[in-house]
Structures are given as structure tokens and as C-alpha cells.
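What follows is a single structure, written as C-alpha cells, with notes after it.
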Number of protein chains: 2
Amino acid sequence: MTGVSDTRRATDTGKAGAIRVLVVDDDPQILRALQINLTAHSYHVVTARDGRSALTSVGDVHPDIVVLDLGLPDLAGTEVIAGLRAWTQVPIVVLSARTDSADKVTALDAGADDYITKPFGMAELLARLRAAVRRSATATGGGERIVTFADVEIDLARKRVRRNGRDVHLTPTEWEMLELLVQHRGKLVSQRDLLLHVWGPRREDRTNYLRVYLAQLRRKLEPNPSHPRHLITEPGMGYRFETVSDTDEPVVAVAGDGEQAR
Amino acid sequence: MTGVSDTRRATDTGKAGAIRVLVVDDDPQILRALQINLTAHSYHVVTARDGRSALTSVGDVHPDIVVLDLGLPDLAGTEVIAGLRAWTQVPIVVLSARTDSADKVTALDAGADDYITKPFGMAELLARLRAAVRRSATATGGGERIVTFADVEIDLARKRVRRNGRDVHLTPTEWEMLELLVQHRGKLVSQRDLLLHVWGPRREDRTNYLRVYLAQLRRKLEPNPSHPRHLITEPGMGYRFETVSDTDEPVVAVAGDGEQAR
DNA sequence: CAGGGCCGTCAAGATCGCATCAAGATCGCC
DNA sequence: GGCGATCTTGATGCGATCTTGACGGCCCTG
């Protein structure tokens, strides 16, 4: 991880709730200036000095937005953008000293969200960051930030889970998984998407991780962990989060009565 | 609707599938230049000359993106932006002659997605439009794609199938086949295409697989599996998915020749 | 009327994927 | 340096899924 100044996990609470921004630049001056300014505006800043460490640290840090300087020593700007866009939708704001229109076009078409030419005003940068974050917030979360099912309550904004009013403690990895599933409530989330979201592109094939953590989430959240009704496996395809338990269930014999029912 | 040059509704198919862009500017020169350039890049262009008509025409036209010049005669730029943001998330790209940083900040914070200062290069504008459209397309999830027939409901985005409101569980292979057929609804899908899509190039000749899985799909989805009306075999050619049950059947056709129709 | 394709159906064996458990390796904090 | 929490990794058993072959019906052709 050389070149990365901060390897905290997403849910580590250096500043709970602060917006995480990854700043990528090889010029220590600019890096420092941005770090100070952004921190002053209560962003949680993580920095990287080259393209490679930028790519890896996005997987580690899960920033809410990336500020990317073009002209890094190791990789071309488009390579960095493409490397990120291959697996994440995190907003990318490009900084560049080149005013050439062609550069803007290639960067934007590679998947960047915005392009600012140096020298730039800090006020403008901040405004563009706000705009980018706002967009991605409405895109992902949009409506309800609190989801409930059974006796569980999930607060996406506060990254907090309660069950019967009591806090349920989730590890960082558990939370990352649950978050992605909840954000796509009802949708099937492929194993690949889950692995990319939680572990980044380097663990794409470790499907066994999913099994372990899904089991832990079920143990913590499902009324009956061995008969999951909300964290559902779609064999061979992926997983699905469901707020309403489907009324099916093969039934456990007749006799008796209620049974733990739904 | 004075001032609006085109009042087509969203569903009017002047250019089916073309991206609709609403250009708002009071300068006829710029308006015309943009109209020509954007049309040349196969956008469907609608124009407005002032803020009021811009607000109404967004409701009428449902553009995919708005290009908004600041400095309109009737309303301030922020008012237009705020008026739109009150009810729609359509991407707004602001054009302005003023390079003042404060203007950018207020426009972006009011809800604009991007800000370009005149004079600008057409290539850059086009790239920024592409970026904005791309974002909003992925944000809205590309639209709900739900196909229904009989008592069955197929949700392509969620990869989910329901019948009479109950989930129907499909195996990965079953889903892949159904997906391809549904995506080409009404069209004939050759056996080869199906085999390639589901099993890849190594099983190109295993047409018996198709029989097995088509039978399973029919068993799970067709009202009468032995008389399929929606998953239809075209002997020797391939298969076809049909949402409307063809009123064919019984009838032995008229005397004469008839031939087996369709 | 016989024969050959092509298709639908069925069932059994082989394979794959998942849940679960538990132990080692790491990390972060004191 | 020690300790607890967390992450990684491997082994096992079981059920779901895929693959394969056989059989019979239908339709067209000769």
C-alpha cells in the first residue's frame, strides 16, 4: 500500500458520518493544500500519490468521492478512471493543468464525472464536490435511509443496526455487505458485485467469503438463521435482501399449531 | 407555451430512442448553433427562450437533459434551477458567460449538475452532456423492465419471477434461457443463439439441453405446460417468447388449404 | 405405410454450490 | 508485548442443479 496515507476501513469511525474523499495527486504541495482545505470543510481526507495506490485504496477505503489529478507518474489518467469504473460507480472529479479540450473529452468519456482545470478556485472545487456527492447520494439512497424488517431496523445514514431496540454490533465487513444488499432491496445482487463492493477487485473469486459473512449476518439479524427469510440465497447467482418475508415456506407438518411462524 | 419550439410529449416518437435535450437560451445565435450541433450528433433538440417557458416545457417534453443559459430575461438562473429541482432530477448543465467563481458555486449548489463558461468548445460540451446522461441513466436503473403474461410477472432488473404473486424459483440456467427469450420478446431466437448465450461456444450442438430446460420453464411458467402458449417452439429453427397468447389452436383452419399459417 | 428427424418427457448419476464449524492468521488497541 | 476482535482459510456433509441417455410421439418425406 505504499503511497497511501490512510488505510482505514470504511466503517472505522475516525469521523463518523464524515464524507470520505480520496485525493490522488503526485504533487505534495497540492496534496497538502487540498488536505487542509477539505479537512477544514469536514471531509475525511485520504490521499494517494500514484495511480496504483489509488486503485487499491479505493477498495480499502471506500471513499464517497475521488479527486484525481491527471499526469500521475505511473498510470495515465484514463487508465485510472477505467480501472475504477470497471467495478465502482464512485464519483470521480478530475483535476488537470491541461486546458486542452481533447483531454477533457477523453477523461469524461472514460467515466469521469467532472473536470476542473488548474488553477482552480477552492470554492468552485468544493461546490463541484458537493454537486457530485449530492447526485450519487440521491442515486443510491434517494428515499428512505431507514429500513426495517421483522424486529430489525437498519439506519443507512448512521450505519447502525438495531434489533428490538438494542444495538446490534456489526463488523466493518458485515456492514459493507449488508449495506449493498439493503441499498438494492429486492434486487438480486450478484456474488461478483458483492465481492467487488466489499473487498475490491482483487478478491473477485472468493465466493467462500460471502458464505461466511452471510451466515454471520443471518445469525445476527434473522429470526431463524437456518431458515433465512430476508437475506436470501439465489444459488449460483447471488443474494437478495427482502423486507417482506415471502409467505411461502414448505410448512413443517401439520399437527401442532402455530410454530414459530412468521 | 410561447417561446417553446416543440411541445412533443415524451412518448411522441419524432426520433424514437433519441436523447431529448432542452436548450434554454435567449440568444438566438447560440440557440441556433446549439440546435444544429446537437442535432448533428443525433440529439432530439427542443428549445426555450426564457425561464418560464423552460419550466413548463420540461413538464411537457420530459427531456433527458437540460442545457441552461444563465442570464435569462425573466428569471434568475437559480430560480429556474430551483423550480426544476422542486420536482425533477433531470440533469442540468449550466452555460454562462461569467467566469466568476461565486456564480458557479451558487448555480451548482442550487442543484445544477455542471457548469461551463462561454466561450466553450463544442467537443467539451458534448462530452459533458454524455457524462451527465450516462450518470442519470445508471441512476434510474435504466428503467423498470417488467414483462407480464398470463399470471406470470418477469422482472428483468431484479432477476425475479412471480406467479400469482408468489416467487417462482429459477435455477441459473433456467434464468439465462428465459432472459434471452424475454429480451427478444416476439422474435425468434435460434437454438444456436440460446446455446451460445447459456452454455458458451463449447456446447453449440447440445440441442437436447434446450429441450430439457424449455420443458422445465414451461412446467414452472405455462398455464398448461403441454400446450405452451408463451414459450413456443419453432421446429427446426429455435424458440420464441410471446406475451400474448396467440389465439391459435383448436380450429382446424378452414377447409381448403390454409397451410399452417404464421 | 415405413423411416428419419425433431421434439417432449422422464429419471438416474455426476457434479456443483452452499451452510456450517472451527482453527489459524492479522489487526488494532491498550 | 499481550489481548480481544476480526478476517482468512480449510474440511465436511447435504441438497440443488446439471448432464446424460433412453423412450415415445408427431410430422414430413419418400
Side-chain angles (χ1 to χ4, degrees), chain A residues 1 4 6-14 59-61 168-178 188-192 194-195 198-200 202-222 224-229 231-240 250, chain B residues 167-178 188-192 194-195 198-200 202-222 224-229 231-240 249 252-253 257-261:
Chain A
M1 300 249 181
V4 179
D6 182 333
T7 60
R8 274 188 258 204
R9 296 295 307 232
T11 46
D12 283 358
T13 53
D60 292 334
V61 179
V168 176
H169 174 71
L170 297 188
T171 72
T173 306
E174 288 165 2
W175 172 259
E176 293 279 333
M177 268 188 93
L178 182 64
L188 181 97
V189 182
S190 74
Q191 312 189 15
R192 188 156 169 281
L194 271 169
L195 288 165
V198 181
W199 283 274
R202 288 181 293 178
R203 300 275 199 289
E204 247 189 77
D205 50 349
R206 296 288 217 277
T207 58
N208 46 326
Y209 289 8
L210 300 180
R211 290 198 278 277
V212 172
Y213 283 98
L214 247 296
Q216 285 180 5
L217 281 176
R218 285 175 179 143
R219 211 174 304 134
K220 291 183 177 180
L221 303 181
E222 285 276 2
N224 183 350
S226 47
H227 281 288
R229 301 202 174 163
L231 295 167
I232 296 169
T233 300
E234 299 279 2
M237 308 212 280
Y239 296 87
R240 185 198 304 280
Chain B
D167 272 5
V168 175
H169 176 71
L170 297 188
T171 72
T173 307
E174 288 164 2
W175 174 259
E176 297 259 331
M177 274 189 83
L178 182 64
L188 175 78
V189 181
S190 74
Q191 305 189 344
R192 189 155 168 283
L194 273 169
L195 288 165
V198 181
W199 283 274
R202 294 176 197 246
R203 300 277 198 286
E204 247 190 76
D205 51 348
R206 296 287 219 279
T207 58
N208 47 326
Y209 289 7
L210 300 180
R211 290 199 282 278
V212 172
Y213 283 98
L214 245 298
Q216 285 180 6
L217 281 176
R218 285 172 179 146
R219 210 175 305 135
K220 291 183 177 180
L221 302 181
E222 286 277 1
N224 183 351
S226 47
H227 282 288
R229 296 197 183 169
L231 295 167
I232 296 168
T233 301
E234 299 281 3
M237 311 255 73
Y239 295 88
R240 191 155 46 93
E249 213 23 50
V252 189
D257 56 3
E259 75 169 272
Q260 65 281 39

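We name chains A, B, ... by the order of the sequence lines, and we start the count at 1 in each one. Quick caveat: nothing in here was measured; it's all calculated off a predicted structure.
An OP1 or OP2 oxygen of D:dC18 is reached within less than 4.0 angstrom by no side-chain nitrogen or oxygen of B:W199. Regarding contacts with the backbone of D:dC18, every side-chain N or O of B:Y209 stays at 4.0 angstrom or more from both OP1 and OP2. The phosphate of D:dC7 has OP1 or OP2 within less than 4.0 Å of a side-chain N or O from A:T171.
Remark: C1' of C:dG5 and CG of B:D205 are 16 Å apart, rounded to the nearest angstrom. Residue B:E176 contributes atom CD, which lies 12 Å from atom P of D:dT19 at whole-angstrom precision. Between the CZ atom of B:R202 and the P atom of D:dC18 there is a distance of 19 Å, given to the nearest Å. The distance between atom CG of B:L217 and atom P of D:dC18, rounded to the nearest whole Å, is 11 Å. Between A:L195 atom CG and D:dC7 atom P the separation is 15 Å, expressed in whole Å. To the nearest angstrom, P of D:dC18 lies 8 Å from CD of B:Q216. Put simply, OH on A:Y213 is 15 Å from C1' on C:dC21, counting in whole angstrom units.
Taking B:E222 as the reference, nothing meets the salt bridge (charged side-chain N to carboxylate O under 4.0 Å, His left out) condition, with sequence neighbours excluded. Residues meeting the side chain to side chain donor-acceptor pair (under 3.5 Å) test with B:T207, sequence neighbours left out: none. Taking B:R192 as the reference, B:E204 meet the side chain to side chain donor-acceptor pair (under 3.5 Å) condition, with sequence neighbours excluded. Among residues two or more places apart in sequence or in another chain, the salt bridge (charged side-chain N to carboxylate O under 4.0 Å, His left out) test is passed with A:E174 by A:K220. Here B:D205 pairs with nothing under the side chain to side chain contact (heavy atoms under 4.5 Å, CB included) rule; sequence neighbours left out. Listed by chain and residue number, nothing satisfies the side chain to side chain donor-acceptor pair (under 3.5 Å) test with A:Q216 (two or more places apart in sequence, or in another chain). Remark: B:T233 engages B:R218 in a side chain to side chain donor-acceptor pair (under 3.5 Å) (not counting sequence neighbours).
Of the candidate nucleotides D:dT20, D:dT19, D:dT6, D:dT6 has the atom lying nearest to any side-chain atom of A:H169.
Remark: of the listed residues A:Y239, A:W175, A:W199, A:W199 is the sole one forming a ring pair (Phe, Tyr, Trp, His ring centres under 6.0 Å) with A:Y213.
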* **Where protein sits on nucleotides 8-20 of chain C, one letter per nucleotide: B base, S sugar-phosphate only, - none, heavy atoms under 4.0 Å** => BBB------SBBS
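Proximity of A:N224 to A:R229: side-chain heavy atoms (C-beta onward) are nowhere separated by under 4.5 Å.
A rotation axis mapping the C1' atoms of four pairs onto the next four is fitted at both ends of the helix from C:dC1-D:dG30 to C:dC30-D:dG1 over five pairs, and the angle between these axes is 40° to 10 degrees.
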